[in-house]
There are 2 protein chains.
Amino acid sequence: MSKRTKLSDVAEVAGVSTATVSRVLNGNERVDPELADRVRTALAELKYRRNRLARGLRQRSSSLIGAIIPDVSNPFFTDVVRGLEDGVREAGFMLVLCNSDEDPQKENDYLELLVDQQAAGIVLAPAGSRTPGLAEALDAGVRVVVIDRLLEGVNVDTVVLANTEGARALTTHLLESGGRVAHISGPMRASTASERVEGYRRALREHGLGRRDEIIIESDYTVEGGYAAMGRLLELQPRPDAVLVGNNVMTLGVLRRVAEAGLRPEDLRIGSFDPVPWGADPDRTVAVLEHPSHQLGTVAAELIMAAIADESHTPHTVVLPSGEIV
Amino acid sequence: MSKRTKLSDVAEVAGVSTATVSRVLNGNERVDPELADRVRTALAELKYRRNRLARGLRQRSSSLIGAIIPDVSNPFFTDVVRGLEDGVREAGFMLVLCNSDEDPQKENDYLELLVDQQAAGIVLAPAGSRTPGLAEALDAGVRVVVIDRLLEGVNVDTVVLANTEGARALTTHLLESGGRVAHISGPMRASTASERVEGYRRALREHGLGRRDEIIIESDYTVEGGYAAMGRLLELQPRPDAVLVGNNVMTLGVLRRVAEAGLRPEDLRIGSFDPVPWGADPDRTVAVLEHPSHQLGTVAAELIMAAIADESHTPHTVVLPSGEIV
DNA sequence: TTGAAAGCGCTAACAC
DNA sequence: GTGTTAGCGCTTTCAA
């Protein structure tokens, strides 16, 4: 546990002031090439590593970007996180991943902790539709980008998917094979869910179908929820011919329930959103709309970086178009 | 973006020194109850939040615990991370989750970054069997706990599962239904893989079977790897009657390959380790050994906390027993 | 272009 | 039990 070498040690060895070493390290200001070389030699020789806490304290901002995610094991968010990581590391920041477990309380705790930690930015995929701690974070000068879901009552950078249009396209696809199409939706407090319901309705109307033809079951974006909702659909007389499932995770429950009922893909067609977890649908019986999840992450990273760089940044909302149906 | 209130603001309002406020905040030393009350009032009134960077700089250690995980979307590690989080948050630390993506380079980058960040501790689930950066981290005084896999050539706190014994039990279970039992193993550079192979062999010997009865295919702990390995097993004459699969993820590939071959659970029995991802095996045709994955996390958290508290801590290796076969 | 020196916000000796 | 003060390691004026 040898004492770590610090800036002044490097300065001493190189025969310059700490200010010069700092300038070489940051590379913004001009330094005499000969001095810079001496500094770089000393840096390497002493295996210098800079103390990011001290740097952050002085700069009133650390090199941490926090990502608060409702469920890191959902492959959709795993993709998003990879995208974030790529963008963030490239810019020399470090991504701090926080799993809120769909719990607004935990979400808020992490938000506060990140602010206390002087995080340079926070990427938030909110569990609910409101986040009290967010206003304080913004107030403290931390840059925030909200992803995946829209948040009420705050003016903040946001990146979301074109949920309404995506659901409309997917529903239309299901309708084209004929029959009645039901919808298992997520919790309506989530903007993703209400938008997808809207898209589903729009597709129905475009096919000359009215309110009486809508079959919507509100569920909760979990495997168990999907399973239960599918069970209720199977009890209907007549049974629907197809179902639009509100997210990838519920699809697992739906597939399982359908398999238990002994139905084949021709009997009950399924439409959902990718990425479908862990190759759960090897035979590709589900029509999935490709989501640009990785891109959601990279765009969010770009937005955060832009906001950090640009002092007077005006919040924007970016809507990413869905991909193909496969 | 109002200026954040700092300790000295609180001290002024409460009419005490900054030292007293600090003492109240940390709660270790004794403070006059009346003063403490005034401080707490001021704290609340000003909505004071402490700057963790400054605190960390002074204490030469931040309140961050880093967790470097090969694949956060593997439900085994998701469980582990939950366990870690529980233990770490309880002690007032914050867990920084880093996804190394099975890439030793990324793993090393994160290790260095965490040291630069003055992390109080690092929990490492190594991608390989060696980690050059680890020695430097320990040298810098950062507490490290290695989990899941054994690392060569370093004396460090370690928490692993009883892999040999678990594999032995599972193989024995498969042997009891008769027939020949094959093994799809992980990469032998991983201690988990070599230990499970050892357990598999031991069970065979205990059943009076020799080397000639061993059928081992080395794979790589991925879905695709499991799929390919199972394909090779199916070509064998005679075909094995059962297979011990080296981890949960490969089991997905195996299940898929088996389904494609049109085999039923009676034709080819499968043994593996939980947690099986995303309810991929709804009919419970796979015999799984329950892994105490959550506990792996909590124990690692305890170890880290103990090491941080105890200046002169001697590294230990903890082996957690497997659970039941279900 | 470079160096001296102040100071980010906090904690920990030390003196009272 | 409390306050004064030095200083953690870095960046950033400011003056030279």
Side-chain angles (χ1 to χ4, degrees), chain A residues 2-40 42-43 46-64 92 115-120 140-141, chain B residues 2-40 42-43 46-64 92 115-120 140-142 311:
Chain A
S2 53
K3 207 169 204 65
R4 231 177 128 163
T5 64
K6 50 196 193 194
L7 207 62
S8 58
D9 299 331
V10 178
E12 201 173 339
V13 169
V16 298
S17 74
T18 59
T20 300
V21 179
S22 176
R23 287 192 264 257
V24 171
L25 237 28
N26 295 310
N28 317 327
E29 290 169 71
R30 302 188 37 78
V31 177
D32 184 283
E34 201 245 323
L35 281 196
D37 250 14
R38 273 185 9 227
V39 169
R40 271 188 287 270
L43 243 24
L46 299 176
K47 290 200 175 74
Y48 173 76
R49 306 242 74 209
R50 120 167 99 193
N51 182 328
R52 292 193 174 236
L53 248 42
R55 179 181 154 92
L57 175 60
R58 180 61 231 237
Q59 298 195 141
R60 302 156 151 282
S61 166
S62 76
S63 48
L64 259 34
V115 174
D116 293 356
Q117 210 70 245
Q118 311 288 103
Chain B
S2 53
K3 208 170 205 64
R4 231 176 128 163
T5 63
K6 50 194 192 195
L7 207 61
S8 58
D9 299 332
V10 178
E12 201 175 339
V13 169
V16 296
S17 75
T18 59
T20 300
V21 178
S22 177
R23 287 191 264 256
V24 171
L25 238 28
N26 294 311
N28 316 328
E29 291 169 71
R30 299 187 41 76
V31 178
D32 184 283
E34 202 243 323
L35 280 196
D37 250 14
R38 282 201 341 245
V39 169
R40 271 188 286 270
L43 243 23
L46 298 176
K47 289 201 176 72
Y48 173 77
R49 307 243 73 209
R50 119 168 100 194
N51 182 329
R52 292 191 172 236
L53 250 41
R55 178 180 154 92
L57 176 60
R58 182 59 234 236
Q59 299 196 141
R60 303 156 151 283
S61 166
S62 76
S63 48
L64 258 35
V115 174
D116 292 355
Q117 211 69 245
Q118 312 287 103
V142 181
E311 185 61 33

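In what follows, every heavy atom counts, from backbone to side chain, and hydrogens, waters and symmetry copies are set aside.
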Margin query: To check you understand the geometry: which heavy-atom pair defines the closest contact between B:Ala140 and B:Val115, and what is its length?
Written below: CB-CG1, 3.8 Å

Margin query: Looking at every non-hydrogen atom in both residues, tell me the closest pair between A:Gln117 and B:Ser63 and how far apart they are.
Written below: NE2-OG, 3.9 Å

Note to self: Does B:Leu25 reach a base, just sugar-phosphate, or nothing at all? Heavy atoms under 4.0 Å.
What the structure shows: nothing

Margin query: Once you apply a heavy-atom cut-off of 4.0 Å, does B:Leu53 come out as touching a base, just sugar-phosphate, or nothing?
Written below: nothing

What's the [atom1]-[atom2] distance between [X] and [N], to the nearest Å?
X: B:Asn51; N: C:dG9; atom1: CG; atom2: C1'; result: 6 Å
X: B:Lys6; N: C:dT11; atom1: NZ; atom2: P; result: 14 Å
X: A:Leu7; N: C:dG7; atom1: CG; atom2: C1'; result: 16 Å

Margin query: Assess whether a salt bridge exists between A:Asp9 and A:Arg4, defined as any Lys/Arg side-chain N lying under 4.0 Å from an Asp/Glu carboxylate O.
Written below: no

Next item on the list: Could you please spell out the steps behind the side chain to side chain contact (heavy atoms under 4.5 Å, CB included) verdict for B:Asn28 and B:Arg23?
Entry: CA-CA 7 Å; B:Asn28 316 328; B:Arg23 287 191 264 256; over 6 Å; no

Notebook entry, point to check: Would B:Asp37 and B:Glu34 count as a side chain to side chain contact (heavy atoms under 4.5 Å, CB included) if you check the C-alpha gap in whole Å, the side-chain angles of each, and the deciding distance to 0.1 Å?
Noted result: CA-CA 5 Å; B:Asp37 250 14; B:Glu34 202 243 323; 5.7 Å; no

Polar-atom pairs under 3.5 Å, protein N or O versus N or O of nucleotides 12-16 of chain C: list them with distances, or write none.
none

Next item on the list: Decide side chain to side chain contact (heavy atoms under 4.5 Å, CB included) for B:Thr20 and B:Asp32; before the verdict, give the C-alpha distance in whole Å, the side-chain angles of both, and the deciding distance to 0.1 Å.
Entry: CA-CA 10 Å; B:Thr20 300; B:Asp32 184 283; over 6 Å; no

Checklist line | Test item: side-chain donor near acceptor, B:Arg55 and B:Asn26, under 3.5 Å | finding: yes

Item checked: Residue closer to the 5' end of DNA chain D, B:Val31 versus B:Arg60 (nearest nucleotide) -> B:Val31

Check: Between which nucleotides of DNA chain D, 5' to 3', does chain B make heavy-atom contacts below 4.0 Å?
Finding: D:dG1 to D:dG9

Check: What's the verdict on side chain to side chain contact (heavy atoms under 4.5 Å, CB included) for A:Leu64 and B:Leu64, showing C-alpha distance, side-chain angles and the deciding distance?
Finding: CA-CA 11 Å; A:Leu64 259 34; B:Leu64 258 35; 4.2 Å; yes

